[in-house]
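Keep in mind the model is a prediction, meaning the values are calculated, not measured.
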Amino acid sequence: MFMERREEPVILFQASLSLIVSAGSKSQAAETAAFLLNRESIDLSPVQMVNDEGEKAEFRMESVDAVEWTRVEDIREGGRFKVYGTIRLKLKVSRPEDYAAVIQAGLSGYRLPRSIIHDHTVWVIPTNCGPAFACVLDEKASWKPAVQEPAMLVAAG
C-alpha cells in the first residue's frame with residue numbers, strides 16, 4: 001500500500017552582504033572572507049527573523065547552498081577591506097506555531113532584524129572560527145514547493 005508523504009516546504013533565502021576584514025591586499029582580503037564564511041565554516045544554527053509587525057519567527061538552517069565573494073573595496077583604514085558577496089541558504093520553519101504565522105503574514109514580510117544602533121541589518125553568522133559580523137545589503141526569500149514522495153506502508157499482521 002502506498003501513501004503520499006508530504007514534506008514541509010523549504011525556504012530559499014538569499015542575502016547580499018559585506019564583511020570587513022583585515023588584510024595586506026585586496027586578494028588577501030578576498031581569501032580571508034572566503035576562509036571566514038564558506039559552506040563548510042557556517043554553523044547550521046537557527047535564524048531569527050521578524051515581520052513588519054515585529055513578530056519573531058525562528059527558521060532552521062537546513063543547508064548553505066553557496067557563499068560567493070564578488071568584490072573587494074579598500075576602505076582606507078589601515079589594511080581593512082570591505083568584501084562583498086552573496087549567501088544562499090535553505091531554511092525551514094522551526095516551530096508549528098511559527099509556520100502558521102509565516103503563512104498568514106506571507107514569507108516576503110519576514111526579514112533579518114535591523115540593528116538598534118544603525119538603520120541597517122547586521123547579521124551575526126555563527127561559524128567554526130567564531131561569529132562573523134556581516135552587513136546585509138539586500139535579502140529575499142521564496143518558497144520552494146514541498147516534495148511529495150510515495151511512502152510505503154507495511155501492514156502489521
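Here Ser63 pairs with Asp65 under the side-chain hydrogen bond (donor to acceptor under 3.5 Å, both in side chains) rule; sequence neighbours left out. Remark: Glu62 pairs with Arg60 by the side-chain hydrogen bond (donor to acceptor under 3.5 Å, both in side chains) rule, at least two apart or across chains. Shown here are the side-chain contact (heavy atoms from CB on, under 4.5 Å) partners of Glu77, two or more places apart in sequence or in another chain: Ile75, Arg80.
Proximity of Leu37 to Trp69: side-chain heavy atoms (C-beta onward) are separated by under 4.5 Å at one or more points. Between Met49 and Phe13 the shortest side-chain heavy-atom distance falls below 4.5 Å. Annotation: side chain of Asn128 is not in contact with side chain of Ile42 (no heavy-atom distance under 4.5 Å). Within the 4.5 Å cutoff, no side-chain heavy atoms of Pro131 are placed close to those of Pro126. Residues Glu58 and Gln48 have side chains in contact (heavy-atom distance under 4.5 Å, counting atoms from C-beta outward). Residues Pro113 and Trp123 fail the side-chain proximity criterion, which asks for heavy atoms closer than 4.5 Å.
Linking Ile, Leu, Val, Met, Phe, Trp and Tyr residues whenever their side-chain heavy atoms come within less than 4.5 Å places Val47 and Val136 in a single cluster. Ile11 and Met61 fall within a single hydrophobic cluster, where Ile, Leu, Val, Met, Phe, Trp and Tyr side chains are chained together by heavy-atom contacts under 4.5 Å. When hydrophobic clusters are built by joining Ile, Leu, Val, Met, Phe, Trp and Tyr residues whose side-chain heavy atoms come closer than 4.5 Å, directly or via intermediates, Phe35 is not grouped with Ile20.
Taking each heavy atom of Val50 and Lys56 in turn, the nearest pair found is CG1-CG, 3.7 Å. Nearest heavy-atom pair across Ala29 and Val72 is CB-CG1, 3.9 Å. Shown here for Gly24 and Gln28, the closest heavy-atom pair between the two residues is N-OE1, 2.9 Å. Closest approach of Ile125 and Ala134 over heavy atoms only: CD1-CB, 4.1 Å.
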Go through the steps to decide whether Thr86 and Leu17 satisfy the test side-chain contact (heavy atoms from CB on, under 4.5 Å), and finish with yes or no. CA-CA 6 Å; Thr86 303; Leu17 43 89; over 6 Å; no

side-chain contact (heavy atoms from CB on, under 4.5 Å) for Lys26 and Phe81? Distances and angles first, verdict last. CA-CA 7 Å; Lys26 283 186 173 185; Phe81 296 85; 3.8 Å; yes

List the steps, then state whether side-chain contact (heavy atoms from CB on, under 4.5 Å) holds for Leu12 with Lys90. CA-CA 5 Å; Leu12 304 175; Lys90 285 184 183 161; 3.9 Å; yes

Could you check Phe59 against Lys92 for side-chain contact (heavy atoms from CB on, under 4.5 Å), going step by step and ending with a plain yes or no? CA-CA 5 Å; Phe59 297 85; Lys92 287 189 177 182; over 6 Å; no

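The OG atom of Ser16 sits 6.5 Å away from atom CG of Leu137, with the distance rounded to the nearest 0.5 Å. Atom CD of Glu139 sits about 5.5 Å away from atom OG1 of Thr121, to the nearest 0.5 Å.
No donor-acceptor distance shorter than 3.5 angstrom exists from the side chain of Glu55 to the backbone of Asn51, with no hydrogens or angles considered. At least one donor-acceptor pair under 3.5 Å links the side chain of Asn38 to the backbone N or O of Glu40. Side-chain atoms of Ser41 come within 3.5 Å of backbone N or O of Leu36 as a donor-acceptor pair. Proximity of a side-chain donor or acceptor of Gln14 to a complementary backbone N or O of Leu89 within less than 3.5 Å is not detected.
Electrostatic pairing of Glu73 and Arg71 counts as a salt bridge here, judged by a charged N lying under 4.0 Å from a carboxylate O.
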